[in-house]
Asker: 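I have a structure I would like to understand better, so I am pasting it below and will then ask my questions one at a time.
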Amino acid sequence: MSYDFNTIEAKWQAYWAEKGTFKAENNSEKPKYYVLDMFPYPSGAGLHVGHPLGYIASDIYARYKRHKGFNVLHPQGYDSFGLPAEQYAIQTGQHPAITTKENIARYREQLDKIGFSFDWSREVKTSDPKYYKWTQWIFIQLFNSWYDTNLDKARDIKDLEIIFEQSGNTTVQAVCDEDTRSFSAEDWASYSSKVKQEILLKYRLTYLAETEVNWCPELGTVLANDEIVNGVSERGGYPVIRKKMTQWSMRISAYAERLLQGLETIDWTDSLKESQRNWIGKSVGAQVKFRVQNSEFGIEVFTTRPDTIFGVSFMTLAPEHELVAKITTPEQKAVVEQYIEATAKRSERERMADVKTISGIFTGAYAEHPFTKEPIPIWIGDYVLAGYGTGAVMAVPCGDQRDYDFAKHFGIDIPNIFEGIDISQEAFADKEKTIIANSDFLNGLNYKKATKTATYELEKLRQGEGKTNYRLRDAVFSRQRYWGEPFPVYYVDGMPQMIDLKHLPIELPEVEKYLPTETGEPPLGRADVWAWDVEKNQVVSNDLINNTNVFPLELNTMPGWAGSSFYFNRYMDPHNEEAFVSKEAVNYWENIDLYIGGSEHATGHLLYARFWQKFLFDREYLPVDEFAKKLINQGMILGTSAIVYRISETNKYVSKSLKGQYKTEELRVDVSLINSSDELDIEALKKWQPQFKDAEFELEGGKYIVGREVEKMSKRWFNVVNPDGICEQYGADSLRLYEMFLGPLEQAKPWNTAGITGVHNFLKRLWKLYHSGEEFDVTDTTPTKENLKTLHKTIKKVEDDIENFSFNTSVSTFMIAVNELTAQKCSSREILEPLLVLISPYAPHIAEELWSKLGHSTSITTTPFPEFDASHLVESAKVYPISFNGKKRFEMELALDLSKDDIEAAVMSHEKTQQQLAGRTPKKVIIVPGKIINIVG
RNA sequence: GCUCAAGUGGCGGAAUUGGUAGACGCGCUGGAUUCAAAAUCCAGUUCUUUCGGGAGUGUGGGUUCGAUUCCCACCUUGAGUACCA
């Protein structure tokens, strides 16, 4: 009976589905374990072999934990709102919901073939109204909350209204808009309802504000900072410009410090934590106020180096700074305006590409130094960013290279305030080696002391205070798209109103086209039925808008990250209609124990999700404030492209090693046309694309050999390998083993289908181990010492490997075990049963099949993981006599369970050792326990 | 520029606290089986060699009886980030 993987795999996949083998219960005597993959966006291209890598790893871990007696939650779903389906709709008119449904069906089919142990009864789709009801609900909670910096948590906005009624906002410590004015209780009472709403909006955790946004004209939408790469859109690579628009924003900046601190409590990779730290960008320093001479104005600057305050020789404002127009002298007005106009024209991208060009202009105005009262010229320069700090800097050319270059360029003084440092060539920025000089009361102090003293003196003068700044900006939350969650918001007199939970979800309306309207409104502006009737509490036709009981609805939709910021909580209780997750469910599952996904989400999804988790924790909907305890980034699987060489201006192609003789161009051809020794199937190529139909080929040794290039797996390089094809040819178990065998999980690695024969042969040998000839043959014979040794070293190694996520090496361990047991002619049930349990997380189908042949009527899934028993192993101790040169080494066999003292005594009485020592006493004896492998005598 | 990660055979990659470098697999070579091929099985496969050995984990130093592993400097590659004051 041969290993018929296709039949076996189909059989067990059907069995698992029918029996609901992987259904997780929300209450169980067992300890819980929650393993999650980042859910996929179902794209039209389907899965390639790179996608399942992380899913296979998490599946192995989930199955392992089930063997270990855990109640495992291992769900899967789809992040199904997104741009590609909408772009497709714009081109073809097909509703994105249809495209998405088709893509999901295809994904599901592909995923099912790999034999994952997902609990599909908990599937979520972000574009499903039943799901996005809760996305809308969370939005409303954010709207109804403000951040109390005193208690350091989000609170109900009603509490804030009560405070305003009682004592105005002067005592409130909250995160709010910069331009919020102060008012008393009496003021508050006198305000109209609209003014009150405007003020509250400045405190809400999601708020409507005119902000400078990244506008992408090509995509017709705004983008968040993390959706822009190198100044162009992440999707499509279109240019992005700055534009002022009224947009919803998320006050994530309120959580900057907690997002930073929380990193200490979670087991995520250092590089990922580092990315988040950089993105949050905390810097500690001081805010200093410089008076502008002959005017009522003051310039606020942020600096991390208050110790260098006596080195200030000019100030620089960002061109967009609001004071520019107010302080520029009449003589300078014309040139300043000209300069501002010129810089405004330059896009963000140009400004970045061209950082070396120094540009700036003098305003004619002077500020006054807080201590020396000396005049300081005020300049404008585009190296100062309006969006960071206060949009103005105190320039210390001796201590900052940019200030130094600017001063050199415009011939401004460069006073030296550092003890014993030469600044004739460049600025000196080394804080550690800094000793301050020429600075009055700071002379002789180091960086730390001078910073403290300067800040203290500034505070005394009421011209400065210690301050911490974050680079993290509030996240723009509006998108001018169709295929996203609609906001549960309507407008009365221009002020946003939330729709009550009872009436959610507000479902996406139908539109006849998915493009912005002629007047530049988002696609929802085309919907005829898109107004809110506050009496009927339902969406009604736009014709009925009268602004008394029928009001216009919000036309923007939410960004892609909205739905993915809480889905992991929804899996705990996916069908709950009363809450996004019940208290019982979330108290049981708490948070994700192991989360696996790509590192590209470091500053997007993974940051936003932490933000929402903390918010929902503050408002007591969740019991923990971090959503994932441990996170692993799986590496990308790269494609191995195949290259043919065309002789220039001909239709003749030469084999790889002959290409040096001609002038050639490289063309990529489909990798399926290449065999395992890089030989091209010429006949198949001719049929592949018409341009090759009449091509000629110059061969080497009768073969056409292609060049290979490792690069990202992509349709455009023709290097995509699909998992379905592999499953058909070698089986899902081979695919699973091979993906793990390729290399360490977290590392990027190239795919090469040829190598899969190794693991495939292993599975065939495993099958043979349980059969003699055609017959299934497992006996009740007592295992030999050798058999037990092989089994137990395998148990130990596999257990350690899985715990450390070194899935690649355990595949090797299985191969060694099967080879050894084959050589030992082992057919003992006592060995072969536990061996199957070890292998089953990796190759579940073959394990189930052999398990049932062993006479078991239930799935192998919850069979206990075999116990490791060290007494079956021996260990060698190696003794290195240090009084000798050379590589003298002795081995002796010792039982593993001896204590360290026992081992030392045994070694010292060891005959060979004593001979070598020849009566001398060594300075020390180093005992190295050998590896738990097969070393005997 | 800054931050992080990584450099080991023809290839993917092993090597637990420093202790026989190259496990395991691919590929390659030879053999068995076969009319032949596929499949399968067995042996070999870091380089070099006068067959004694010698060299060897990016480069150069250091610590150590002993370094792929620890320390310093440099080179290369990949990832992230960037006028952040």
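A note on names: the letters A, B, ... follow the listed sequences, proteins ahead of strands, and every chain is numbered from 1. If you're wondering where the values come from, they're calculated on a predicted model, not measured in any experiment.
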Asker: Could you go over nucleotides 5-12 of chain B and give all protein N or O partners under 3.5 Å, atom names and distances?
Answerer:
from: B:rG12; atom 1: O2'; to: A:L742; atom 2: O; distance (Å): 2.5

Asker: Below 4.0 angstrom from OP1 or OP2 of B:rA85, is there any side-chain N or O of A:Y388?
Answerer: yes

Asker: Counting only side-chain heavy atoms from C-beta out, which of B:rA85, B:rU40, B:rG13 sits nearest to A:V393?
Answerer: B:rA85

Asker: On the nucleotide B:rA14, are OP1 or OP2 found under 4.0 Å from the side-chain N or O atoms that A:N808 carries?
Answerer: yes

Asker: For B:rG56, which nucleotide is its Watson-Crick or G-U wobble mate, given both distances must be under 3.5 Å?
Answerer: none

Asker: So what's B:rC70 paired with, Watson-Crick or G-U wobble, going by both distances under 3.5 Å?
Answerer: B:rG62

Asker: Using a strict 4.0 Å threshold on nitrogen-to-oxygen distance, state whether A:E820 and A:K793 make a salt bridge.
Answerer: yes

Asker: Ignoring the backbone of A:M815, work out which of B:rC84, B:rU81, B:rG25 is nearest its side chain.
Answerer: B:rG25

Asker: A:T269 near the nucleic acid: base, sugar-phosphate alone, or nothing, with a heavy-atom cut-off under 4.0 Å?
Answerer: nothing

Asker: Regarding A:K796 and the six-membered ring of A:F868, is the cationic atom NZ or CZ under 6.0 Å from the ring centre and inside 45° of its axis?
Answerer: yes

Asker: Taking the six-membered ring for Trp, are A:H760 and A:Y738 closer than 6.0 Å centroid to centroid?
Answerer: no

Asker: Determine the interatomic distance between P on B:rA15 and the same-named atom on B:rC65; round to the nearest Å.
Answerer: 28 Å

Asker: Counting side-chain heavy atoms from CB outward, which of B:rC26, B:rA23, B:rC83 is closest to A:I816?
Answerer: B:rA23

Asker: Partner of B:rG78 by Watson-Crick or G-U wobble geometry, both contacts under 3.5 Å, or none?
Answerer: B:rC4

Asker: Side chain of A:Q463, backbone of A:K289: donor and acceptor closer than 3.5 Å?
Answerer: yes

Asker: Using the C1' atom as the reference point in each nucleotide, state the distance between B:rG12 and B:rA23 in Å, no decimals.
Answerer: 13 Å

Asker: Of the options B:rC26, B:rA85, B:rA39, whose atoms approach the side-chain atoms of A:S283 most closely?
Answerer: B:rA85

Asker: So how far is it from A:E320 CD to A:I340 CD1, rounded to the nearest 0.5 Å?
Answerer: 8.5 Å

Asker: How far, in whole Å, is B:rG19 from B:rC84 if one measures between their C1' atoms?
Answerer: 49 Å

Asker: I want to verify a distance call: between B:rU40, B:rA85, B:rG80, whose nearest atom is closest to the A:K768 side chain?
Answerer: B:rU40

Asker: Can you tell me the base-pairing partner of B:rA39? Count Watson-Crick or G-U wobble geometry only, both distances below 3.5 Å, and say none if there is no partner.
Answerer: none

Asker: What I want to check is whether the side chains of A:N752 and A:T640 have a donor and an acceptor closer together than 3.5 Å.
Answerer: no

Asker: Taking OP1 and OP2 of B:rC84, is either one under 4.0 Å from a side-chain nitrogen or oxygen of A:N469?
Answerer: no

Asker: Quick check, are the ring centers of A:F314 and A:F410 under 6.0 angstrom apart?
Answerer: no

Asker: Work out how far the C1' atom of B:rC26 is from that of B:rU77, and round it to whole angstrom.
Answerer: 24 Å

Asker: Counting the atoms with a prime plus P, OP1 and OP2 as sugar-phosphate, which does A:N761 contact under 4.0 Å by heavy atoms, base, sugar-phosphate, or nothing?
Answerer: sugar-phosphate

Asker: Please determine whether a side-chain nitrogen or oxygen atom of A:R277 lies at a distance below 4.0 Å from atom OP1 or OP2 of B:rU81.
Answerer: no

Asker: Thinking salt bridges, do A:K273 and A:E264 make one under a 4.0 Å N-O criterion?
Answerer: no

Asker: Rounding to the closest angstrom, what is the interatomic distance between B:rC47 and B:rU57 at atom C1'?
Answerer: 13 Å

Asker: Which base, if any, makes a Watson-Crick or G-U wobble pair with B:rG44, both distances under 3.5 Å?
Answerer: B:rC28

Asker: If the glycosidic angle sits within 90 degrees of zero it is syn, else anti. Tell me which applies to B:rG52.
Answerer: syn

Asker: Applying a 3.5 Å limit to both distances, which nucleotide forms a Watson-Crick or G-U wobble pair with B:rU16?
Answerer: none

Asker: Would you indicate, yes or no, if B:rA82 has its OP1 or OP2 atom less than 4.0 angstrom from a side-chain nitrogen or oxygen of A:R471?
Answerer: yes

